[in-house]
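We use all heavy atoms of the structure for the numbers below, so side chains are in, but hydrogens, waters and symmetry mates are not. Sequence lines set the chain letters: A, B, ... in the order given, protein chains first and strands last, and positions in each chain run from 1.
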Amino acid sequence: MIPQGGSGSGRYNLAIETRGLTKHFGRQVAVDGVDLAVPPGSVFGFLGPNGSGKTTTIRMLLGLAAASAGTVSLLGMEMPGRFRDVLPRVGALVEGPAFYPFLSGAANLSRLDAAGRSTVPATRKGRVDRALERVGLSHAAGKKVHAYSLGMKQRLGIANALLARRDLLVLDEPTNGLDPQGTREVRNLVRSLAHDGATVFVSSHLLAEVEQMCTHAAIMSAGRLVAQGPLAELRRAGSARIRLLTPDAGQARSVLAGLGLAAEAGGSQPDGEVLLASLSAAGDGRLPEDVVGQLVAGGVRVRGFAVERESLEDRFVALTGEGFDVAQ
Amino acid sequence: MPAEVPGTAAPAVREARESASSLMLSELRVLFGRRRTWALLLALAAIPVLIAIAVRVSSAVPPGRGPAFLDRISQNGLFVAFTAMLVSVPLFLPLTVGVVAGDTIAGEANLGTLRYLLVAPAGRVRLLLVKYAGALAFCIVAPLTVGLAGAAIGAALFPVGPVTLLSGDVIQPPEAAVRILLIAAYLAVSLAGLSAVGLFLSTLTVVPVGAMAATVVVSVVSQVLDQLPQLEWLHPWLFSHYWFGFGDMLRQPLLWDSFTSNALLQGGYIAVFGALAYGRFVTRDILS
Ligand SMILES: Nc1ncnc2c1ncn2[C@@H]1O[C@H](COP(=O)(O)OP(=O)(O)OP(=O)(O)O)[C@@H](O)[C@H]1O
Ligand SMILES: [Mg+2]
């Protein structure tokens with residue numbers, strides 16, 4: 001892990017840092033006092049259910065929308081005040097790709113490259129070709145974008161983010177609409193970008209994806225940041241539970257109750273009943289081997305025993321709520 | 001960033017200038033490369049063609065009927081250009097300019113490309129300037145298209161000879177061609193204010209058709225108000241007030257009064273609506 005980012009042109013302790021970032025839309029609070037801290041060199045997953053304020057936060061990071069309150073600093077510089085210095089070093093995909101349908105993929109990238117203030121025209125074609133190649137679109141470079149499939153447009157959007165060497169990539173749901181190969185390629189791409197020293201900030205609601213490619217994560221719920229940190233820490237913060245298979249359910253319950261563990265029924269199987277109990281509920285961090293020892297000593301026939309860590313998904317649901325309805 | 005080495009400043013400055021102009025080049029390429037712009041220009045070119053064909057197939061036009069100059073076409077093809085430019089001033093030119101100016105910002109917002117241009121980063125002020133410059137380029141090309149298409153079709157279907165000016169003087173065809181270009185320039189200046197209005201309206205919405213329609217409506221309203229004698233005090237302030245003053249380009253010696261007044265008035269509109277567009281666009285949240 002790289003402790004500090006930046007090469008020559010200013011060092012920074014956090015690639016993205018927001019303080020009390022807030023956005024109102026009329027009376028609705030879309031983003032509410034968010035304090036993000038994205039370490040340099042991390043692959044940072046920005047998780048949250050639909051409408052939780054991920055895209056709105058990203059718009060404020062990039063200076064597209066003004067914050068109602070709070071501050072943003074990217075690569076150690078205030079945004080939006082220093083966008084001229086910051087944005088050339090940032091590649092972004094915001095709320096899906098957007099292109100001129102009547103231009104070819106390569107022409108679209110050329111235009112966006114030309115829009116940058118500090119890009120050198122002489123090397124433009126090379127940059128465009130390289131970016132297209134990196135996302136596997138070289139063969140479709142000359143095709144008009146209106147003839148692109150959803151996944152091809154998504155790839156072109158990622159290519160746009162990769163036009164120049166970037167220190168920070170902000171990718172809003174980059175694997176949206178991609179086929180399994182595409183998803184895998186994006187995952188590898190993100191890893192290789194991080195390997196080259198870039199910080200990657202990637203929003204998603206696909207937990208499996210975040211678990212596979214991220215080193216850090218933050219979880220948004222109804223505009224608030226409810227958790228953030230290294231992935232391992234986020235998982236650990238969740239409780240572990242034991243899963244016991246035994247034909248002597250009644251006896252096991254009373255032994256567990258004696259240990260201060262409340263057992264729940266987890267269904268029955270041919271060779272016994274499943275009991276579930278949360279380990280951390282005991283408060284004093286009881287060790288699993290003690291529990292097994294007590295059970296056996298209590299005459300319970302233990303036919304299966306497992307310690308299950310809460311998955312990120314359980315943690316996510318615990319933090320953001322179970323319901324399917326979009327938070328208002 | 002490579003370290004600054006003495007003596008490398010000159011290429012760095014050159015590169016900065018090149019990159020500053022590359023967004024402008026790209027804007028012109030996108031504007032004049034897209035089919036819609038060509039359709040607008042073709043529609044404008046069709047006006048003189050229709051006029052010329054109508055005159056050609058009909059018997060002689062009685063003098064004093066129809067648009068000015070119409071009766072002279074059969075004797076001198078160059079009058080197709082003058083007639084067509086006159087005919088396109090009230091509606092066709094404002095219509096096409098309204099489409100282009102109304103599309104400037106709203107069109108990008110509607111496609112979603114606005115957010116990527118700004119993240120590139122184009123810079124909001126720079127983007128606004130480039131967009132307005134693109135609209136101005138269209139204001140130059142549009143009347144030129146009418147004039148040149150008129151001269152071409154006129155020369156093809158009718159004899160070409162000396163032109164009698166409004167002042168009664170006679171000029172030779174080469175000089176008449178210069179006058180056609182002068183009128184095109186006059187009209188280009190005339191449309192600059194409307195373009196600024198369109199640019200401002202375009203910053204208000206993400207629906208380009210709305211901004212286009214509003215711009216065209218504004219141009220019609222301005223011309224209607226200019227017709228109402230009760231509003232005489234207002235007339236000199238209407239951007240369409242000098243639109244028909246290009247007859248001064250058909251006098252000998254040339255009269256520059258209306259050209260200058262027109263240019264000043266359009267400059268005022270550019271300043272006011274440019275400032276409004278700036279005020280709106282630099283503070284606007286890009287949520288599309
Ligand atoms: N232009 C807007 N005007 C008003 N409210 C908006 C606007 N854009 C977003 N919102 C509101 O802000 C909240 C957050 O939206 P946002 O797009 O940031 O969510 P998200 O986390 O990106 O969701 P998703 O996963 O669906 O992309 C939502 O409640 C939404 O209704
Ligand atoms: Mg979103």
Side-chain angles (χ1 to χ4, degrees), chain A residues 7-10 23 25 30 55-56 58-68 80 82-103 107-124 145 157 160-161 163-165 170 172, chain B residues 1-4 11-39 103 107-131 134 206 208 281-288:
Chain A
S7 47
S9 49
K23 182 71 187 179
F25 287 117
T55 302
T56 306
I58 288 174
R59 283 184 199 282
M60 288 190 285
L61 293 182
L62 299 171
L64 291 172
S68 307
R82 299 199 48 195
F83 80 93
R84 274 192 199 86
D85 303 315
V86 175
L87 291 182
R89 295 163 60 193
V90 178
L93 181 69
V94 189
E95 186 128 281
F99 293 103
Y100 306 90
F102 49 87
L103 292 183
N108 265 289
L109 291 192
S110 290
R111 171 154 171 87
L112 291 173
D113 190 72
R117 294 175 157 267
S118 48
T119 55
V120 184
T123 51
R124 177 159 303 138
V145 166
N160 171 47
L163 268 176
R165 224 201 85 82
V170 177
D172 195 5
Chain B
M1 278 277 170
E4 202 72 58
V13 169
R14 204 190 62 224
E15 278 172 8
R17 201 171 304 131
E18 276 173 10
S19 77
S21 60
S22 57
L23 179 57
M24 189 67 239
L25 277 180
S26 151
E27 178 64 25
L28 292 176
R29 217 173 284 144
V30 169
L31 177 62
F32 290 103
R34 70 187 292 185
R35 226 180 283 168
R36 195 185 61 198
T37 309
W38 283 99
D103 192 51
E108 301 279 359
N110 182 53
L111 286 176
T113 42
L114 184 54
R115 61 176 183 268
Y116 288 111
L117 287 173
L118 292 181
V119 166
R124 297 195 184 204
V125 179
R126 177 163 164 255
L127 184 62
L128 205 58
L129 287 174
V130 163
K131 281 289 173 183
V206 296
F281 189 55
V282 293
T283 56
R284 169 173 153 186
D285 280 353
I286 309 302
L287 298 171
S288 57

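With a 4.5 Å cut-off on non-hydrogen atoms, B/Arg284 touches chain A through its backbone but not through its side chain. When heavy atoms are compared at a cutoff of 4.5 Å, B/Glu108 approaches chain A solely by way of its side chain, counted from C-beta outward. Residue A/Asn160 touches chain B through its side chain alone, counting heavy-atom pairs closer than 4.5 Å. When heavy atoms are compared at a cutoff of 4.5 Å, A/Phe102 approaches chain B solely by way of its side chain, counted from C-beta outward. Neither the backbone nor the side chain of A/Leu163 comes within less than 4.5 Å of any heavy atom in chain B.
Of all the listed residues (A/Gly91, A/Gly157, A/Pro97), the one sharing the greatest number of non-hydrogen pairs under 4.5 Å with chain B is A/Pro97. Counting heavy-atom pairs closer than 4.5 Å to chain B, the top-ranked of the candidates A/Leu64, A/Leu62, A/Leu87 is A/Leu64. In terms of heavy-atom pairs under 4.5 angstrom with chain B, the leader among A/Asp113, A/Leu93, A/Val90 is A/Leu93. Per-residue counts of heavy-atom pairs under 4.5 Å with chain B were compared for A/Gly96, A/Pro101, A/Gly63; the largest is that of A/Gly96.
Listed by chain and number, the residues in a side-chain contact (heavy atoms from CB on, under 4.5 Å) with A/Ala65 are A/Lys23, A/Arg59, A/Met60, B/Asp285, B/Leu287 (sequence neighbours excluded). For the side-chain contact (heavy atoms from CB on, under 4.5 Å) test, residues two or more places apart in sequence or in another chain that qualify with A/Ala98 are B/Arg115, B/Tyr116.
The closest donor-acceptor contact from the side chain of A/Arg111 to the backbone of A/Phe99 lies at 3.5 Å or more, if one exists at all. The main-chain N or O of B/Pro208 is never found under 3.5 Å from a side-chain atom of B/Asp103 such that the two would form a donor-acceptor pair. When atom types are taken as modelled, the side chain of B/Trp38 and the backbone of B/Gly33 share no donor-acceptor pair closer than 3.5 angstrom.
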Run the side-chain contact (heavy atoms from CB on, under 4.5 Å) test on B/Arg34 and A/Leu103 for me, step by step, so that the C-alpha distance in whole Å, both residues' side-chain angles and the decisive distance to 0.1 Å come before the verdict. CA-CA 8 Å; B/Arg34 70 187 292 185; A/Leu103 292 183; over 6 Å; no

